[in-house]
Amino acid sequence: MALERTLILVKPDGVQRKLAGKIISRIEDKGLQIIAVKMLKITPQMSKQHYAEHVSKPFYPELEGFITSGPVIALVVQGPEAVSVMRTLMGSTNGRASAPGTIRGDYGASRQMNLIHGSDSVESAKKEIGVYFQDSEICDAPSVLTPWSWAAEEA
Ligand code: UDP
Ligand code: MG
């Protein structure tokens, strides 16, 4: 096991629908640590960097239109196996098929407007964190709750 970082976005639909508080609460409730946060508007250039693996796919133009359509909230979340823990918390891509109890399963019914992004691997996380944050914007301060959130041997 290892302490990992993952890049999370509350997507424009989550911000516009005023679900950001609920979505961020789910991350806090899970016991993961938020070590960076900012609101910003994604540019087409950032979208192409972030979604490099999808740029040539038929759905990309609409995805870029959506992700650049309004402010997002970007977060860096840290914890043991944070990448897969967040993917489980988020649910599968299509909100219509995501399990109840997951963020996408509870709050949405769209495949595109699925409220939240989470990196799919430690390698993607590293690349994606670099799209949104400078090293100096990451506040990796020890939390007094960490010893109550996971054991030393899990991190
Ligand atoms: N997406 C879309 N149409 C599709 C597949 C994906 O609009 O047919 C959007 C959706 O917002 C998704 C994002 O593109 O979250 C990235 O797709 P991916 O397959 O990587 O899903 P994720 O990793 O976000 O679950
Ligand atoms: Mg993905």
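Just follow the structure's listing: the first ligand is 1, and inside any ligand the first atom is 1.
Within the structure, salt bridge (Lys or Arg N to Asp or Glu O under 4.0 Å) pairs that include any residue of residues 48-63 comprise K48-E64 (at least two apart or interchain). Identified under the ring-ring contact (aromatic ring centres under 6.0 Å, His included) test for residues 126-145, with sequence neighbours left out: H50-Y132. Counting only residues at least two apart or in different chains, salt bridge (Lys or Arg N to Asp or Glu O under 4.0 Å) contacts with residues 87-116 comprise R26-D106.
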Give a table of atom pairs where an N or O of ligand 1 lies under 3.5 Å from a protein N or O.
unit_1	atom_1	unit_2	atom_2	d
ligand 1	8 (O)	R111	NE	3.2
ligand 1	11 (O)	K11	NZ	3.1
ligand 1	11 (O)	Q112	O	2.8
ligand 1	15 (O)	K11	NZ	2.9
ligand 1	15 (O)	N114	ND2	2.8
ligand 1	17 (O)	H54	NE2	3.3
ligand 1	20 (O)	H54	NE2	2.8
ligand 1	21 (O)	T93	OG1	3.2
ligand 1	23 (O)	R87	NH1	2.9
ligand 1	23 (O)	R87	NH2	3.3
ligand 1	24 (O)	R104	NH2	3.1
ligand 1	25 (O)	T93	OG1	2.6
ligand 1	25 (O)	R104	NH1	3.0

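Considering only heavy atoms from C-beta on, V72 stays 4.5 Å or farther from H117 through its side chain. For the pair I129/I138, a side-chain contact is recorded, criterion being any heavy-atom separation below 4.5 Å from C-beta on.
Linking Ile, Leu, Val, Met, Phe, Trp and Tyr residues whenever their side-chain heavy atoms come within less than 4.5 Å leaves I73 and M46 in two separate clusters.
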